[in-house]
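This is the structure, below, for whatever I ask next.
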Amino acid sequence: KAGVTQTPRYLIKTRGQQVTLSCSPISGHRSVSWYQQTPGQGLQFLFEYFSETQRNKGNFPGRFSGRQFSNSRSEMNVSTLELGDSALYLCASSLKAGGTAGELFFGEGSRLTVL
Amino acid sequence: GQQVMQIPQYQHVQEGEDFTTYCNSSTTLSNIQWYKQRPGGHPVFLIQLVKSGEVKKQKRLTFQFGEAKKNSSLHITATQTTDVGTYFCAGRRGGSNYKLTFGKGTLLTVNP
């Protein structure tokens with residue numbers, strides 16, 4: 001079955017713009033998590049959604065937001081982009097949420113460059 | 001907040017040598033997971049450890065979870081060039097704050 005699909009794979013934006021990234025989880029998976037990956041900070045947790053509800057949130061400013069739709073697809077939005085937002089944004093899906101979530105299945109990521 | 005520290009940050013070995021990466025959490029964990037990310041790729045799940053003192057093996061890879069459930073290690077015996085990549089540990093606390101916190105990873109390079 002198809003894996004986690006993220007779009008777009010690559011994008012270039014300028015400071016002050018906003019961006020929306022999309023994630024389609026594995027069929028049947030209802031939990032979607034988002035991570036920001038940078039060379040210096042590793043994988044930083046952004047948020048987790050389950051059944052259209054945000055279940056957990058990382059320590060990122062309010063410019064970072066997300067949502068999940070009834071078909072479990074998820075989007076994340078970053079407004080007023082800053083140079084430091086340049087990163088690989090990874091989406092991961094799992095069958096369950098919370099402490100029993102088990103393994104995460106990651107997508108290929110969306111690489112954002114902010115100029 | 002919860003911190004997961006991983007050492008070393010980098011490790012370069014000759015093919016055939018062993019490799020170990022260590023993971024330490026500032027808090028007791030409910031479980032710990034290990035992922036591998038090949039260069040240019042995305043993290044891929046390797047294993048999850050749940051029980052105190054648990055040891056699991058996958059061919060040349062041996063995973064351990066400490067007795068206090070605050071540390072873990074991954075040991076690779078006789079490395080091969082296919083082992084190249086970054087190895088991440090990720091710890092999950094119990095209770096309501098169950099987000100998965102990743103270590104910064106250990107980049108393993110193997111000289112053939």
Side-chain angles (χ1 to χ4, degrees), chain A residues 2-7 9-10 21 23-26 29 31-50 53-60 64 66 87-112, chain B residues 1-10 21-51 56 58 63 69 85-109:
Chain A
V4 178
T5 304
Q6 290 189 246
T7 56
R9 291 291 313 280
Y10 304 91
L21 309 178
C23 172
S24 293
I26 291 173
H29 285 194
S31 176
V32 172
S33 300
W34 288 90
Y35 290 84
Q36 181 195 65
Q37 186 173 31
T38 57
Q41 296 299 318
L43 282 150
Q44 300 282 308
F45 174 76
L46 283 156
F47 20 66
E48 179 187 22
Y49 287 88
F50 183 81
T53 302
Q54 187 179 90
R55 296 290 297 269
N56 219 329
K57 190 176 188 302
N59 298 321
F60 279 82
F64 292 80
L88 179 67
Y89 290 88
L90 289 161
C91 166
S93 76
S94 59
L95 271 171
K96 303 176 185 177
T100 60
E103 68 179 284
L104 300 183
F105 294 82
F106 283 88
E108 297 286 347
S110 293
R111 184 165 295 282
L112 170 65
Chain B
Q2 178 188 4
Q3 291 188 357
V4 175
M5 309 300 292
Q6 196 172 348
I7 57 169
Q9 190 174 1
Y10 307 97
T21 174
Y22 300 91
C23 185
N24 288 284
S25 169
S26 58
T27 59
T28 302
L29 299 171
S30 172
N31 58 68
I32 194 160
Q33 299 178 356
W34 286 90
Y35 292 80
K36 176 183 178 182
Q37 184 174 22
R38 295 181 185 275
H42 58 277
V44 175
F45 175 83
L46 293 176
I47 206 159
Q48 175 171 283
L49 304 172
V50 179
K51 299 177 183 176
K56 286 189 176 181
Q58 290 180 350
F63 303 85
K69 300 184 74 173
T86 301
Y87 292 85
F88 293 96
C89 63
R92 198 188 297 275
R93 291 170 64 180
S96 59
N97 187 8
Y98 50 75
K99 67 182 181 183
L100 201 60
T101 300
F102 280 77
K104 292 190 177 182
T106 297
L107 173 60
L108 171 65
T109 54

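Below, read A as the first sequence line, B as the second, and so on, with proteins coming before strands; counting in each chain starts at 1. Values reported hereafter were calculated over all heavy atoms of this structure, with side chains retained and with hydrogens, waters and symmetry mates removed.
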Chain B interface, residue from A:G42, A:G107, A:G58 that has the most non-hydrogen pairs under 4.5 Å: A:G107

From A:Y35 atom OH to B:F102 atom CZ, the distance as rounded to the nearest 0.5 Å: 5.0 Å

Minimum-distance pair of heavy atoms, taken over all atoms of B:H42 and A:F106: CD2-O, 3.3 Å

Under 4.5 Å from a heavy atom of chain B, the part of A:L43 involved: both

CZ/A:R9: more than 12 non-hydrogen atoms of other groups inside 6.0 Å: yes

Per-residue contact mode, B:I47 against chain A (heavy atom under 4.5 angstrom): neither

Between CG on residue A:L104 and CD on residue B:Q48, distance to nearest 0.5 Å: 9.5 Å

Shortest non-hydrogen contact between B:Q37 and A:Q37, atoms and distance: OE1-NE2, 2.8 Å

Heavy-atom pair count under 4.5 Å with chain B, highest-scoring of A:Q41, A:R111, A:K57: A:Q41

Validation row: A:L90, B:P43 side chains within 4.5 angstrom (heavy atoms): yes

Engaged part of B:Q9 at the chain A interface, taking heavy atoms whose separation is under 4.5 Å: neither

B:Y22 OH: over 12 foreign heavy atoms closer than 6.0 Å: no

